[in-house]
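Notes follow once the structure below has been shown.
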Amino acid sequence: MNSERDFSDIITGLAKKRGFFWGPSPEIYGGSSGFYDLGPLGKLLKNRLENAIRTSFVRANFWEVECPTVSPEAVWKASGHLDGFIDPVTKCTKCEQIYRADNLIEEQSPGAQIAGKSVEELTEIIKELGIVCASCKSPLGPVDSYNLMMKTRLGLDQDAYLRPETATTTYLLFRRFLTFFRDKLPMSVFQIGKAYRNEISPRQGMLRLREFTQTEGQIFILEEDEQNWPQFEDIKDEELPLLSYPAQEKGKTEPVKMKMSEALKKGHFQKPAYAWCVFLAYSIFRNMGFSEEKMRLRQHLETERAHYAQDAWDIEVYTESFGWVECCGVHDRGNYDLTRHQEFSKEKMHVKVNQKPGVPNVLEIAFGVERPLFCLIDNAFQPESEERDTDWLRFPPAVAPIQVAVFPLMGKPELQEPAHLIFDEIVDAGFISQYDVGGSIGKRYRRQDEVGTPFCVTIDYTTIEDGTVTVRDRNSMEQIRISKDELIVVLRKLVKGTIQFESLVVR
RNA sequence: GCGGCCAUAGUCUAGUCUGGUUAUGAUCCGAGCCUUCCAAGCUCGUAACCCGGGUUCGAAUCCCGGUGGCCGCACCA
């Protein structure tokens, strides 16, 4: 446990020192837990992740939308968050220990009828059944509700809440989507935006935030299309590390590599369309730079599934800091949400299927961006060694915050002048680049290693003679010398990963 | 929210028990000299006692409250 804590401290220390993230924010006023600032490199990294997410969704024919983060109470009444997104809590009158009232009742009086009860009714039930404090056996205070949504107000007197998920705000647009997609289902949309949860006591730094960026993609789909999903063909031979719930019930913790077609045949997935969503989520995480060995797909046990979810799989990422971390949920939400909004808003949320109105189902991919952000730094971390005496980050080139650093070998004007020209050219080509002239060349390489920059271009006296520069590879610390005319093309291929640095090394 | 432990330069840290000079050291960072590819060297420099109150002639040090962190409980739909 100690080593885990130490490791997350190392990651946090490096992140703070080099400008990935700072907090809890606002630091100069002491900070509030659950809030973090992203520094310049953290923001760059987050942009890269969001771009990877965006590109992956767009390629899968999803369309991006953006909704307000604040919605009036009626929305959350309908979504179930106002009543369901609460914890009924009770406090011991003597030792002041706080309990989840429903859990405590269930514990001391199994089978008690507590589902859907109000706080007043729960208070009554506690009295009737003689439920007492679990630790000191004293009487309990009245049941209070604690809602995890942040409350605010519109104008003078309209109650409103900051969204605890982006999904609900997406569902509200259903009828607009029908028009945009010309009444043709399935319709695929996604949103990347802020969401808020008033956690009682957030811990584990960047992993549990009160304000975070959420990505949610939805497919509105007819039941018959869930079974008949042509795109499944494209991925049927892809192998995913699956940990199904029957396997977990047998005590297994190791995922099994399985072809998607086989997983479907074995009944791990009921619907090809849902299985395809699970694969899409997995491929998004691969595109964000996670290696396959550090990921697994874990199916929710029936008991941990939300009431609306018919099936749920999580993507978990292995970290040195915290072990397996839940990073993404893929849910089969059925038609729960649209039906609820139809009922509460009186707006029709259906389409005509075979002359009959039907409310479509929703398949959903949902994840916070900050978790993968932290996990990626954790996964990229490499400790100092004999050949390199700083800790460094081994980001995949495509997601590294800074892609190319440019150094004149020394600070002499005759080297700086061509170096600046090359730097400008690299920036113009669309790379995020940093020019650094401070300190010895070794020190500058070390600085870039520490923030995970995959390539460094150095301009030396040979550059002046023959127009060549050196490109230095972060992972191997090896160098190649190439003409500055082919520099941009080579850098593009290296960053994209279409060529490997080793193949350019002349031995 | 509760209990235990904790909070000193950007980062890591000594000092706190036993109150008393200019608050220790490392590293980082900046400027300069030197330097033709992996933390070189030399010179100079910036930078800290979490916040608020109390006790005291005097508080980084003792007391109270707050905020934040770690661990345990609870929570994480």
Side-chain angles (χ1 to χ4, degrees), chain A residues 1-2 4-6 8-10 12-19 22-35 39 79-92 95-104 133-136 144 146-149 164-165 197-205 207-210 304-309 312 326 329 331 366 368 384 387-392 407-412 414-415 438-450 456-465 469-474 476-479 481:
Chain A
M1 241 18 191
N2 244 350
E4 283 183 11
R5 207 178 73 75
D6 291 346
S8 73
D9 284 348
I10 290 168
T12 308
L14 176 65
K16 268 179 157 174
K17 183 179 170 191
R18 292 302 187 193
W22 297 306
S25 177
E27 285 188 295
I28 64 167
Y29 288 101
S32 296
S33 61
F35 296 95
S79 71
H81 286 90
L82 199 60
D83 301 317
F85 204 61
I86 54 165
D87 291 338
V89 290
T90 179
K91 188 152 94 174
C92 172
C95 71
E96 307 208 314
Q97 177 70 42
I98 291 190
Y99 296 97
R100 273 282 295 265
D102 49 350
N103 291 354
L104 199 62
C133 172
S135 62
C136 75
D144 206 350
Y146 179 82
N147 195 293
L148 275 330
M149 283 193 296
E165 59 166 26
R197 294 178 188 185
N198 205 359
E199 304 281 359
I200 294 173
S201 173
R203 299 241 178 117
Q204 298 186 311
L207 294 192
R208 248 176 96 199
L209 299 173
R210 287 181 167 136
E304 56 182 324
R305 246 178 251 162
H307 58 288
Y308 54 75
E326 255 182 64
H331 305 277
E384 59 177 26
E387 57 178 7
R388 183 154 23 193
D389 34 24
T390 48
D391 298 333
W392 58 292
F407 311 142
L409 185 59
M410 286 177 300
K412 303 274 194 213
E414 65 268 28
L415 290 177
S440 72
I441 191 73
K443 180 160 220 150
R444 283 176 274 164
Y445 287 144
R446 225 29 47 81
R447 276 190 201 122
Q448 296 299 330
D449 287 347
E450 209 173 0
C456 296
V457 173
T458 302
I459 287 78
D460 58 12
Y461 285 97
T462 312
T463 309
I464 301 171
E465 287 164 25
V469 297
T470 63
V471 179
R472 181 262 193 188
D473 174 53
R474 175 198 64 203
S476 62
M477 296 170 69
E478 290 195 75
Q479 285 180 300
R481 182 170 281 279

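Just so we're on the same page: letters track the sequence lines, and every chain starts at 1. Predicted, not measured: the structure shown is a model, and the values here were computed from it.
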- Gap in Å between the two C1' atoms, one belonging to B:U16 and one to B:C34, rounded: 44 Å
- Task: Considering only atom C1', compute the distance from B:C64 to B:C28 and round it to an integer number of Å.
- Result: 38 Å
- Query: Ignoring hydrogens and angles, does a donor from either the side chain of A:R18 or the base of B:G10 sit under 3.5 Å from an acceptor on the other?
  - Reply: no
- OP1 or OP2 of B:C28 less than 4.0 angstrom from a side-chain nitrogen or oxygen of A:K443, does that happen here? yes
- Query: Is there a side-chain contact between A:S33 and A:R210, using heavy atoms and a 4.5 Å cut-off?
  - Reply: yes
- Checking B:C37, B:A40, B:U36 against the side chain of A:S440 (C-beta onward), the nearest is B:A40
- Considering only heavy side-chain atoms of A:R208, the closest of B:C75, B:C38, B:U36 is B:C75
- Message: What contact category does A:S33 fall into here, base, sugar-phosphate, or nothing, at under 4.0 angstrom with non-hydrogen atoms?
- Response: sugar-phosphate
- Query: Please give, in whole Å, the distance from B:G10 P to A:I28 CD1?
  - Reply: 13 Å
- Any idea which of B:G69, B:G1, B:C37 is nearest the A:Q479 side chain? B:C37
- Mapping A:R481 and A:Q204 onto RNA chain B by nearest heavy atom, which one lands closer to the 5' end? A:R481
- Length of the CH2-P vector between A:W392 and B:C38, whole Å: 18 Å
- Message: Under 4.0 Å, heavy atoms only, any strand: does A:G13 hit a base, just the sugar-phosphate, or nothing?
- Response: nothing
- Message: Can you tell me which nucleotide in B:C38, B:U35, B:C73 comes closest to the side chain of A:R203?
- Response: B:C73
- Item | Opposite nucleotide pairing with B:G52, Watson-Crick or G-U, both atom distances under 3.5 Å | B:C64
- Task: Measure the distance from NZ on A:K16 to C1' on B:G68 and round it to the nearest whole Å.
- Result: 10 Å
- With respect to the phosphate group of B:C29, does any side-chain polar atom (N or O) of A:R447 fall under 4.0 Å of OP1 or OP2? yes
- Task: Please round to the nearest 0.5 Å and tell me the distance separating atom CD of A:E326 and atom CG of A:L207.
- Result: 11.0 Å
- Message: Distance check, C1' atoms only: B:C62 and B:C49, in whole angstrom units.
- Response: 16 Å
- Starting at CD of A:E450 and ending at C1' of B:C12, how long is that distance when rounded to a whole Å? 13 Å
- Query: In whole Å, what separates the C1' atom of B:A7 from that of B:A14?
  - Reply: 15 Å
- Message: Measuring only the P atom in each nucleotide, how far is B:U46 from B:G30? A whole number of Å is fine.
- Response: 16 Å
- If we take the C1' atom in both B:U67 and B:U55, what is their distance in whole Å? 23 Å
- Message: Please classify the nucleic acid contact of A:S32 as base, sugar-phosphate, or nothing, using heavy-atom distances under 4.0 Å.
- Response: sugar-phosphate
- Item | Whole-Å gap separating C1' (B:C37) and CG (A:D449) | 13 Å
- Message: Less than 4.5 Å apart, side chain to side chain, heavy atoms only: is that true for A:R474 and A:R388?
- Response: yes
- Considering only atom P, compute the distance from B:C6 to B:U61 and round it to an integer number of Å. 14 Å
- Message: Measuring only the C1' atom in each nucleotide, how far is B:U8 from B:A23? A whole number of Å is fine.
- Response: 9 Å
- Note on the structure: When rounded to whole Å, the OH to C1' distance for the pair A:Y29 and B:C51 reads 12 Å
- Message: Just to be sure I understand the rule, does A:R388 reach a base, reach only the sugar-phosphate, or reach nothing, if contact means heavy atoms closer than 4.0 Å?
- Response: nothing
